[in-house]
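Every chain is numbered from 1 and lettered A, B, ... according to where its sequence line falls, protein lines coming before strand lines. Because the structure is a prediction, the values reported are computed rather than measured.
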Amino acid sequence: MSSTTFVTLPDGSQREIPPGASALDLARSIGKRLADDAIVARVNGELYDLARPLPPEARVEILTTRDPEALEVYRHSSAHLLAAAVLELYPETKLGIGPPIKDGFYYDFQRPEPFTAEDLAKIEARMAEIRDRDLPYERQVVEKQAGLAKYREIGEPMKCELIEERAGDQFTEYTLGPQFIDFCRGPHLPSTKKIKAFKLLSIAGAYWKGDENRHQMQRIYGTSWYSQKDLDEHLQKLEEAKKRDHRVLGKQLGLFTVDDKVGQGLILWKPKGSIIRQELQTFISEHLRRQGYSQVFTPHIGKLELYKTSGHFPYYADSQFPPLVDREQISQLAADGCSCAHLANLLGSGEIEGFLLKPMNCPHHIRIFDSDPHSYRDLPVRLSEFGTVYRFEQSGELGGMTRVRGFTQDDAHIFCTEEQVPQEVSGCLELVKIIFGTIGMKDYRVRVGLRDPDSAKYVGEPEQWDAAEKACKEAAESLGVPYTLEPGEAAFYGPKIDFVVQDVIGREWQLGTVQVDYQLPQRFDLNYTGADNKPHRPVMIHRAPFGSMERFVGVLIEHFAGAFPLWLSPLQAVVLPISDRHLEYAGNVLEQLRGAGLRAELDSRSEKVNYKIREAQMQKVPYMLVIGDREAEQGAVSVRNRKHGDRGAMPLGEFLESVKGLIATRSQED
RNA sequence: GCCGGCGUAGCUCAGCAGGUAGAGCAUCUGAUUUGUAAUCAGAGGGUCGCAGGUUCGAUUCCUGUCGCCGGCUCCA
């Protein structure tokens, strides 16, 4: 054992401290402030508890509240505090896992009784009590077998399972007070009193190890922060987010509705929402024409056989509506004594011919492509359609516009030669970039879904996969935004590039997607005649830059907090006469606004302007045109902008020119 | 699909330890004629999600069902 510990600090300076000294000792020797702010240490690249003795030679970095990793440790320790409180109050509870997560932490518990909201308050109070006891989080190294025996004895079967799976010959555990002990890699805070502000937020069900075949546990979610102020701000932010929720705004602004008499997960677009959708479709159609796409229309159903050929049935039978079967066939089966159970089996296995509500548009487009012979000179053929598809999502997953059972994709399929793939993929990405740029959506991430080499669920030749994955990676690269490679995230027929955004409560949604497919052309035996006068197999690219109109508009509502840019606003201007004697001129103004192509309305109610303004403001109408004596005399309008307030009077013609310009360029300003 | 919570007027919500309900906003009517975020008054509006059960009596308690919310699982 060396007689001194040599420490190198981040600035390169070196120190010698007594052997067995900890990072906390080191911090104290540097300064009280640092010691107070210290959360955890990074020692030779590994995170160390502050109290853990340093090795003889150590590069040490003290992590304080400024470091993101420190916050994770802080929240991990908060999770332990939660578990300790739960065990004190409900000793029969069994522990699962309790990691930190974005903005907080959770812990999974198993207990016969469900936790209630009142329990949560009790647990929170007990957490505060334990926190005030100033208990240290103590790290211990134990031998695997001895440790296992101990956890078996205290009756923690899930901990035993984890130890069996994850531990080497030794593992670490952390205690908190005389009772609480947890198999845990750590590190943790030095003491509970470091935890300043926390709140338990919700209870939810969660399968043990995320496996729906295992038992279900109760997960308690919480959040913790370095100060009450930070916590309050975070809670405030959650409140604000609720107001931006597209389900709330969609109702307030009259954009869409879901009616259980129609069915779960089926969006009814109200007139105002329909305008937004229509504008988006016009917008994208312009770019499709520019990029040489052809538009097609196809029906909502197709023969089951079609989807057997494509492979969608039976791979995805569970998430499809069952096939539509004609009456005669049903009667025949009944006459043959077919039971309901048998019928269900036959339907499930696809042994009864029928029609399927289409889960995807590609088979229809493929049949259009194949309805004519093609030469290499024709390629690429780009077929686009705002095609509505139906998927039977699990009921617990449905909600708002982001997860639905019927939706319209801004879909297209490109049939091209293998050589054309890279160029076509980047063409698709360019389109996505234009769309996101126009909308002003910057917070999206790009996910390149690659095949998982271990899995057999993919179809196609490895060489083709390699080529397609390469094309996707290069295209993502050229996009100039950060992207992640995600093995195992590919579609079964090919790699893909996805665009993922977050909603107001932090959930991620996939929007646009570009997928390279070598598989379907083969399944459908597609051909084109090459320059060598021989048949060749085309490659298909599936792409939908918005993903679906439903999800995209849902995300857009939240992105704009309901205040859509002028070109997308369902109502662009509202005319507000001050009194009845201005009605005639106001009607005149309305006519001219509409004549210029604006979506405008007249508020002719006998209310004060303030009242009308308030209403228009809450409806987030971009322009309010106040009409009084002065305006009527001068042929002017007084312009109030929803964001900038009173802009003063101007001639109507001038106003029209300015908004027409903003609309034509799809400006984000108004 | 699973776990938990919730479902009262168009909306947001109150109420009921079991005696068939109330506010604000919205709507309608009247008055007011108004200058940049709510003028005043009056009226109408609910088989308390739906179906069973317990009870003299259920919006309230129980069961089932449908839907919504949070999470889990899934997501071509």
Side-chain angles (χ1 to χ4, degrees), chain A residues 106 108 110 113-117 119-120 201-221 242 245 247-248 251-252 254 258-261 263-265 307 310-313 315-320 358-363 389 391-400 402-403 409 449 457 489-494 496 498 505 507-510 513 515 517 519-520 542 544 576-583 605-619 624-631 638-642 644-649:
Chain A
Y106 68 78
D108 284 346
Q110 192 182 14
E113 301 297 311
F115 288 115
T116 64
D119 294 338
L120 233 50
L201 297 174
S202 61
I203 312 160
Y207 297 106
W208 171 232
K209 289 187 172 170
D211 182 345
E212 62 178 322
N213 299 311
R214 303 296 299 267
H215 63 269
Q216 199 155 25
M217 314 187 57
Q218 301 184 64
R219 175 172 299 177
I220 297 181
Y221 281 92
K242 269 191 211 162
D245 191 314
R247 291 163 297 192
V248 174
K251 182 175 265 185
Q252 272 168 15
V258 183
D259 184 334
D260 50 292
K261 291 194 173 62
Q264 281 187 287
Y307 301 98
S310 72
H312 294 115
F313 192 94
Y315 286 133
Y316 299 105
D318 287 349
S319 49
Q320 286 163 176
K358 65 179 176 188
M360 305 194 87
N361 299 304
C362 24
V389 298
R391 299 179 189 177
F392 194 80
E393 304 289 359
Q394 298 191 91
S395 63
E397 256 311 326
L398 299 172
T402 42
R403 197 70 191 268
Q409 297 177 309
K457 74 170 180 174
E489 289 299 311
F492 73 91
Y493 48 69
K496 57 178 186 169
D498 292 331
I505 48 182
R507 292 181 295 206
E508 284 203 322
W509 298 103
Q510 181 191 315
T513 182
Q515 311 179 349
D517 179 2
Q519 192 52 32
L520 287 182
H542 309 241
L576 308 178
I578 285 172
S579 85
D580 288 355
R581 68 176 178 279
H582 309 117
L583 274 178
R605 293 174 302 176
S606 132
E607 297 285 353
K608 290 190 168 180
V609 216
N610 278 338
Y611 181 88
K612 298 181 187 180
I613 285 174
R614 177 182 154 82
E615 193 147 290
Q617 197 74 49
M618 289 195 305
Q619 286 295 307
M624 288 150 267
L625 304 178
V626 178
I627 304 293
D629 290 333
R630 295 196 294 272
E631 290 75 16
S638 271
V639 179
R640 181 190 165 94
N641 177 283
R642 67 181 167 194
H644 306 114
D646 192 353
R647 311 312 304 268

Problem set entry | Watson-Crick or G-U counterpart of B:rA23, or none if no pair lies under 3.5 Å | B:rU12
For this session: With heavy atoms under 4.0 Å as the rule, sort A:Ser638 into base, sugar-phosphate or nothing.
Result: base
Problem set entry | Nucleotide paired to B:rG70 in any strand shown, Watson-Crick or G-U, under 3.5 Å | B:rC3
Exercise. Looking only at atom P, what distance separates B:rA26 and B:rC40, rounded to whole Å?
Worked result: 10 Å
For this session: Give A:Tyr106 one of three labels, base, sugar-phosphate or nothing, depending on what nucleic acid heavy atoms sit under 4.0 Å from its own.
Result: nothing
Exercise. Across the strands shown, which category fits A:Gln515 at heavy-atom distances under 4.0 angstrom: base, sugar-phosphate, nothing?
Worked result: sugar-phosphate
Exercise. With both distances under 3.5 Å as the test, what is the Watson-Crick or G-U wobble partner of B:rA58?
Worked result: none
Name the pairs: protein N/O against N/O of nucleotides 23-30 of chain B, kept only if under 3.5 Å.
{"residue": "B:rA26", "atom": "OP1", "partner": "A:Tyr611", "partner atom": "OH", "Å": "2.6"}

Exercise. Under 3.5 Å, is there a donor-acceptor pair between the side chain of A:Glu393 and the main chain of A:Arg403?
Worked result: no
Exercise. Taking atom C1' in both B:rC28 and B:rG10, what distance in whole Å separates the two?
Worked result: 13 Å
For this session: Applying salt bridge (charged side-chain N to carboxylate O under 4.0 Å, His left out) between A:Glu615 and each of A:Lys608, A:Arg642, A:Arg605, report the one that passes.
Result: A:Arg605
Exercise. Which value, in whole Å, describes the distance between the C1' atoms of nucleotides B:rA9 and B:rA23?
Worked result: 11 Å
Problem set entry | Note: A:Asp245-A:Arg247 ion pair, threshold 4.0 Å (strictly below) | yes
For this session: Determine the contact category for A:Phe115: base if any of its heavy atoms lies under 4.0 Å from a base atom, sugar-phosphate if only primed atoms, P, OP1 or OP2 are that close, otherwise nothing.
Result: nothing
Problem set entry | Identified pairing partner of B:rU36, criterion: Watson-Crick or G-U wobble below 3.5 Å | none
For this session: Verify the contact: side-chain N or O of A:Arg403 to OP1 or OP2 of B:rC74, cut-off strictly under 4.0 Å; return yes or no.
Result: no
For this session: Return the value, rounded to whole Å, for the distance between atom OH of A:Tyr221 and atom C1' of B:rC69.
Result: 14 Å
Problem set entry | Minimum side-chain heavy-atom gap A:Arg640-A:Gln617 below 4.5 Å | yes
Exercise. Within the structure shown, what part of the strands sits under 4.0 Å from A:Gly628 by heavy-atom distance: base, sugar-phosphate, or nothing?
Worked result: base
For this session: Determine whether any donor atom in the side chain of A:Tyr207 lies under 3.5 Å from an acceptor atom in the base of B:rG1, or the reverse, and answer yes or no.
Result: yes
Problem set entry | B:rA37 OP1/OP2 closer than 4.0 Å to side-chain N/O of A:Arg640 | yes
Exercise. With a 4.0 Å cut-off on heavy atoms, is A:Val626 in touch with a base, just the backbone sugar-phosphate, or nothing at all?
Worked result: base
For this session: Report the base-pairing partner of B:rU63 (Watson-Crick or G-U wobble, both distances below 3.5 angstrom), or none.
Result: B:rA51
Exercise. To the nearest angstrom, how far is A:Leu398 atom CG from B:rC74 atom C1'?
Worked result: 12 Å
Exercise. 5'-most contact on RNA chain B: A:Pro114 or A:Asp318, nearest heavy atom basis?
Worked result: A:Pro114
Seminar exercise, completed: A:Asp108 CG to B:rG71 C1', in whole Å, measures 10 Å
Problem set entry | Watson-Crick/G-U partner (both atom distances under 3.5 Å) of B:rA17 | none
Exercise. Taking A:Gln409 for the side chain and A:Met360 for the main chain, is one N or O donor matched with an acceptor at less than 3.5 Å?
Worked result: no
Problem set entry | Non-hydrogen side-chain atoms of A:Leu520 and A:His542 separated by less than 4.5 Å | yes
For this session: Kindly say whether A:Gln252 contributes a backbone atom to a donor-acceptor pair with the side chain of A:Gln619 at under 3.5 angstrom?
Result: yes
Problem set entry | A:Arg507 side chain near B:rC69 phosphate (N/O to OP1/OP2, under 4.0 Å) | no
Exercise. Can a donor-acceptor pair under 3.5 Å be found between the side-chain atoms of A:Arg247 and the base atoms of B:rC69?
Worked result: no
Exercise. If you measure from the C1' atom in B:rC50 to the same atom in B:rG46, how many Å do you get, rounded?
Worked result: 15 Å
Problem set entry | Same-atom distance (C1') from B:rU8 to B:rU29, integer angstrom | 27 Å
Exercise. Can a donor-acceptor pair under 3.5 Å be found between the side-chain atoms of A:Asp580 and the base atoms of B:rU33?
Worked result: yes
Exercise. Who are the ring-ring contact (aromatic ring centres under 6.0 Å, His included) partners of A:Tyr307, not counting sequence neighbours?
Worked result: none
For this session: May I ask you to say what A:Ala204 touches in the nucleic acid, namely base, sugar-phosphate or nothing, with a heavy-atom cut-off under 4.0 Å?
Result: base
Exercise. What distance, rounded to whole Å, do you find between the two P atoms, one in B:rU54 and one in B:rU60?
Worked result: 15 Å
For this session: Select base, sugar-phosphate, or nothing to describe what A:Asp629 touches, counting heavy atoms under 4.0 Å on all strands.
Result: base
Problem set entry | Of A:Lys251 and A:Ser606, the one whose closest RNA chain B nucleotide lies more 5' | A:Lys251
For this session: Confirm from the modelled atom types if A:Glu113 and B:rG4 form a donor-acceptor pair under 3.5 Å, side chain to base only.
Result: no
For this session: Give the intermediate values and the outcome of salt bridge (charged side-chain N to carboxylate O under 4.0 Å, His left out) for residues A:Asp211 and A:Lys209.
Result: CA-CA 5 Å; A:Asp211 182 345; A:Lys209 289 187 172 170; over 6 Å; no
Set out, line by line, the N/O atom pairs under 3.5 Å between protein and nucleotides 59-67 of chain B.
{"residue": "B:rG67", "atom": "OP1", "partner": "A:Gln264", "partner atom": "OE1", "Å": "3.2"}

For this session: If B:rG42 has a Watson-Crick or G-U wobble mate with both distances under 3.5 Å, name it; if not, just say none.
Result: B:rC28
Problem set entry | Heavy-atom donor-acceptor pair, A:Glu393 side-chain to B:rC75 base, under 3.5 Å | no
